[in-house]
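Treat the numbers as computed from the prediction; the structure is a model and nothing was measured. Just so it is clear, the values below take in all heavy atoms, side chains as well, and ignore hydrogens, waters and symmetry mates. In what follows, every chain begins at residue 1, and chains take the letters A, B, ... in the order their sequences are listed.
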2 protein chains.
Amino acid sequence: MPTHYQGSAQEVLALNTFIKFTRGYESMTARLAQSGVLGDLTVSQFGVLEALYHLGSMCQGEISGKLLKSCGNITLVLDNLEKRGLVRRERDPEDRRMVTVSLTQAGEALIAQIFPRQVAAIVAELSCLTPEEQELLGKLCKKLGVRSSI
Amino acid sequence: MPTHYQGSAQEVLALNTFIKFTRGYESMTARLAQSGVLGDLTVSQFGVLEALYHLGSMCQGEISGKLLKSCGNITLVLDNLEKRGLVRRERDPEDRRMVTVSLTQAGEALIAQIFPRQVAAIVAELSCLTPEEQELLGKLCKKLGVRSSI
DNA sequence: TGATATTATTTCAATATCAAAACATTAGTG
DNA sequence: CACTAATGTTTTGATATTGAAATAATATCA
């Protein structure tokens, strides 16, 4: 479904690229989410557990930064994870403004079980690209991602 | 921030590609949303207006399909657009299960004003890639998008 | 024709998400 | 020390999003 927009060649190219990029991302992540690999975790909950698992305990602001989500959002996601006993929150005794978040045993066990399955699902999703194509896609996306505001 | 996962070369490549892809998409769309180009429209509302603008009136199920969103979601987004007088809903007299959605004059005027600005913002976002790179990115993303479940 | 299946939309409950305001705590400065 | 920044988190109100259940309308077929 290319754009119907009547614009310059540059505009049409950029728009079509944007549409394919967006649809590629959205359809891929939708398939991953629907694959059942995450069990009853939401994508956000998985993201938080995965960050804590691989990077270790950190405060909420750091989680917010890593996942590119607002602090208010992280507060809610952590509330839900805490209710289920998957993470623990502790006020930092050094600086009582901050809350240090860490995985509980249950949280660590769960993410240790789910993460490899998610990796397998991602490998399968990307298997339609050769290793060279994956490398290339990564490089192009990196250029789009890092752009500090010009 | 590459993956910290200790896996096979294939797994590490796929994961790193996935991370760059995700971050490229999320940081780019976050910048577009924050650019102010959309005024007080949300991204979803813009998506609906844009589809109606370029593809013409259609029923809710079609909108849902084009935007890859659930029908329940589209119902809500349309409620909000309808409150603002930007779209009109009419039961299809041929098949009264369906609701045909069309732009009002106000809706058409608004999207006609906003769309070119959004195009300009997208062109600017993609300007860090050469036309050849954009072409290539589009091709790679298309492979990821169209994959019917293997 | 009448029972059943299919299709389109809405409703509901839960989670996500943001921006802005409110709070709490710490840091800095005169 | 007291007043003011700045920082980190929570709260609030609005919109988004899904999946499942509920509704409504149409199609099918015995």
Q) Rounded to the nearest Å, what distance is computed from the CG atom of residue A:L78 to the C1' atom of nucleotide D:dT11? A) 15 Å
Q: Grab the CD-C1' distance between B:E94 and C:dA8 for me, whole Å please.
A: 16 Å
Q: Could you work out which one of C:dT10, D:dG19, D:dT15 sits closest to the side chain of B:R89?
A: C:dT10
Q: Counting heavy atoms from C-beta on, name the nucleotide in D:dA25, C:dT15, D:dG8 closest to the side chain of A:Q45.
A: C:dT15
Q) Under a 4.5 Å cut-off applied to non-hydrogen side-chain atoms, are B:H54 and B:F115 in contact? A) yes
Q: With the side chain of B:V99 defined as its heavy atoms from C-beta on, choose the nearest nucleotide among D:dT10, C:dC18, C:dT10.
A: C:dT10
Q: Could you pull out the closest heavy-atom pair between A:R96 and A:R91, with the gap in Å?
A: O-NH1, 2.9 Å
Q) Can you tell me the Watson-Crick or wobble partner of D:dG8, both distances under 3.5 angstrom? A) C:dC23
Q: Counting Watson-Crick and G-U wobble pairs only, both distances under 3.5 Å, name the nucleotide matched with D:dA30, or none.
A: C:dT1
Q | For B:V87, the option from B:I63, B:D79, B:L49, B:V77 that meets side chain to side chain contact (heavy atoms under 4.5 Å, CB included) | A | B:L49
Q. Does the side chain of B:T42 get closer than 4.0 angstrom to OP1 or OP2 of D:dT15 through an N or O atom?
A. no
Q | Closest nucleotide among D:dT18, C:dT9, C:dA27 to the A:R97 side chain | A | C:dA27
Q: Hey, which sits more toward the 5' end of DNA chain C by its nearest nucleotide, B:D79 or A:C71?
A: B:D79
Q) Does the side chain of A:K66 come within less than 4.5 Å of A:M58's, by heavy atoms? A) yes
Q: Identify whether any heavy atom of A:T75 sits under 4.0 Å from a base atom; if not, whether one sits that close to sugar-phosphate; answer base, sugar-phosphate or nothing.
A: base
Q: To the nearest Å, give me how far apart CD1 (A:I74) and P (D:dT7) are.
A: 20 Å
Q. Touch check for A:L68, heavy atoms < 4.0 angstrom, all strands: base, sugar-phosphate only, or nothing?
A. sugar-phosphate
Q) Rounded to whole angstrom units, what separation is found between the CG atom of B:D40 and the P atom of D:dT15? A) 11 Å
Q) Which pair of heavy atoms, one from B:Q118 and one from B:V37, lies closest together, and at what distance? A) N-CG1, 3.5 Å
Q) For DNA chain D, whose closest nucleotide is more 5', that of B:K69 or that of B:P93? A) B:K69
Q. Counting side-chain heavy atoms from C-beta on, which of D:dT18, D:dA25, D:dT9 comes nearest to B:D95?
A. D:dA25
**Q.** Distance in angstrom units between A:N73 CG and D:dT12 P, rounded
**A.** 17 Å
Q.
Tell me if D:dA6 is syn or anti. Syn = glycosidic torsion within 90° of 0, anti otherwise.
A. anti
(Q) Nearest whole Å is fine: how far is C:dA16 P from B:E26 CD? (A) 14 Å
(Q) Looking at C:dT7, which nucleotide sits across from it as a Watson-Crick or G-U wobble partner, both distances under 3.5 angstrom, or is there none? (A) D:dA24
Q | A:S70 side chain, from C-beta outward: closest of D:dT15, C:dC18, D:dT10 | A | C:dC18
Q) Rounded to whole angstroms, how far apart are CG on B:L38 and P on D:dT15? A) 15 Å
(Q) Any side-chain to backbone donor/acceptor pair from B:Q134 onto B:L129? Under 3.5 Å, distance only. (A) yes
Q. Atom CG of A:L76 and atom P of C:dA19: how far apart are they, to the nearest Å?
A. 16 Å
